[in-house]
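Below: the structure, in structure tokens.
Bear in mind that the values here come from a model prediction, so they are computed numbers and not experimental data. Convention: sequence-line order gives letters A, B, ...; per-chain numbering from 1.
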Protein chains: 2
Amino acid sequence: MKTRGGGKKEISSEAAPSVRADARRNADALLRAALAVFTESGVDAPMRTIAAKAGVGVGTLYRRFPQRSDLIKAIIRRDLDAQVQAASTLAAKHGPGDALALWMGRLVDFVATKRDLGPALHSGDPAYQALPDFVLGQLTPVLRRLLDAAATSGVIRDDVDADELLNAGLRLATPVNGGDAAQARRMVALLTDGLRRSLSVPAVKE
Amino acid sequence: MKTRGGGKKEISSEAAPSVRADARRNADALLRAALAVFTESGVDAPMRTIAAKAGVGVGTLYRRFPQRSDLIKAIIRRDLDAQVQAASTLAAKHGPGDALALWMGRLVDFVATKRDLGPALHSGDPAYQALPDFVLGQLTPVLRRLLDAAATSGVIRDDVDADELLNAGLRLATPVNGGDAAQARRMVALLTDGLRRSLSVPAVKE
DNA sequence: CGAATATCCGGAACAACATTCCGTTTGTCA
DNA sequence: TGACAAACGGAATGTTGTTCCGGATATTCG
């Protein structure tokens, strides 16, 4: 990272065309505060608290991040990018089947690590509406490629949709109350196992 | 159902030792109103709205159902019981493997049918804290029996925990925004497929 | 360097809810 | 019917989301 000033490291990496210095400074402070507050008190923490911790008025907070989800989006951007990148890396180092399985397993690290990210993704709460669109929009194409490759090579069944699998994976990757990531990992692995070309789905009618 | 009075059908089936008549009447009205409001506006609907629809003051609502989750618990009790009963029925009519698969599939009908039940179960919101405990408490033992039977008979792997599987199933059973129950069904089936005694988990390290 | 001005800031103000509390009303029982 | 416990209702209080605008301040330009 090559930033001009020497002080604390910034969170928002992007350069700015013509933003006032204080504005940028405040945006960074807000992101830092939000991360801290979210981690300690969950993503539903009061906006006032975040603004206060950043030493800023709520007006400033709302101007920069009109929706709570904008704050979350900014915070997870890095990790989301990493998850996207991982697809290429894994595809290069492993066979199609393993690459897919490993990428799915990695979802746990992406979701389970950030407190409340999982619940927020699936809450249906309008305040977080933009989150699923954002995350799924980034990850679906990537997963689709892995999935197609694996299906084409014949190691997994070919009747599974990328959207659906991603949704399922993200749900399972969300740790239970108590934060047991290991359990989440096992469940995602179980799901992935179901992908491997099997005999057939038990077609029994109730 | 054998209730004394003839009027509208009651929701709370239980008999009462010595509750004032108006109290019971109000409790029923509240449950009916809550069901209607939840269905139309989601489980986050204002308490005032429910009280109003029941023709009752908020005080009465809070006295009878101190927590929002108490209202939900009362509403889903019937369906939860049905899900519990289904275990015995299925176990009697099908082999261990199919009984398990079918019961898991039935979770979708239990969860996906009641608007917002799924999200509420996994939200982590303290207001719903009691819900997971209640639902899991009822269903876990039942699933454990099905799971043990299937594992013993050798049709599925034996290293899966009932708690974990139930959690996973409930998550997948929750329909995506748009209420596609069919998709939920497919994902649960996929998970169930992963249970069938397979070659082995892909033990590749990243 | 010293205005001029486009930006940005702060926090009071308003609105929507959850939840509590207590004076009043109403069943129930003798 | 009268007395009393049980239940009711809704005003009152506290919390949080969100908006709005007078005031502060970087930046730019002469």
Given atom [atom1] of [X] and atom [atom2] of [N], what is their separation to the nearest angstrom?
{"X": "A/D44", "N": "D/dT15", "atom1": "CG", "atom2": "P", "result": "17 Å"}
{"X": "A/R24", "N": "C/dC8", "atom1": "CZ", "atom2": "P", "result": "11 Å"}
{"X": "A/L61", "N": "C/dA12", "atom1": "CG", "atom2": "C1'", "result": "16 Å"}
{"X": "A/D125", "N": "D/dG17", "atom1": "CG", "atom2": "C1'", "result": "12 Å"}
{"X": "A/D70", "N": "D/dG17", "atom1": "CG", "atom2": "C1'", "result": "15 Å"}
{"X": "B/F65", "N": "D/dA7", "atom1": "CZ", "atom2": "P", "result": "13 Å"}

Can you tell me if A/T60 touches the phosphate of C/dG10, counting only side-chain N or O atoms and a distance under 4.0 Å to OP1 or OP2?
yes
Less than 4.0 angstrom between a side-chain N/O of B/N26 and OP1 or OP2 of D/dC8, yes or no?
yes
Give the C-alpha distance, both sets of side-chain angles, the deciding distance and a yes or no for side chain to side chain contact (heavy atoms under 4.5 Å, CB included) between B/R171 and A/V176.
CA-CA 10 Å; B/R171 282 161 199 269; A/V176 286; 3.3 Å; yes
If the sugar-phosphate is the primed atoms plus P, OP1 and OP2 and the base is the rest, what is the B/S/- string for nucleotides 18-30 of chain D, using protein heavy atoms under 4.0 Å?
BBB----BSS---
Would you tell me whether A/Y62 and A/D70 have side-chain atoms, one donor and one acceptor, within less than 3.5 Å of each other?
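A/Y62 vs A/D70: no donor-acceptor pair found between side chains.
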In plain terms, say whether B/D109 and B/R185 are close enough for a salt bridge, that is, a side-chain N and a carboxylate O under 4.0 Å apart.
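Salt bridge between B/D109 and B/R185, a charged N being under 4.0 Å from a carboxylate O: yes.
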My understanding is that only one of B/R24, B/R20, B/R25 makes a side-chain hydrogen bond (donor to acceptor under 3.5 Å, both in side chains) with B/D22; could you say which?
B/R20
Which residue pairs pass the side chain to side chain donor-acceptor pair (under 3.5 Å) test when at least one of the two sits in residues 161-170 of chain B, sequence neighbours left out?
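Listed once each, the pairs are A/R186-B/E164, B/R144-B/D163.
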Do B/D193 and A/D193 have side-chain heavy atoms sitting under 4.5 Å apart?
no
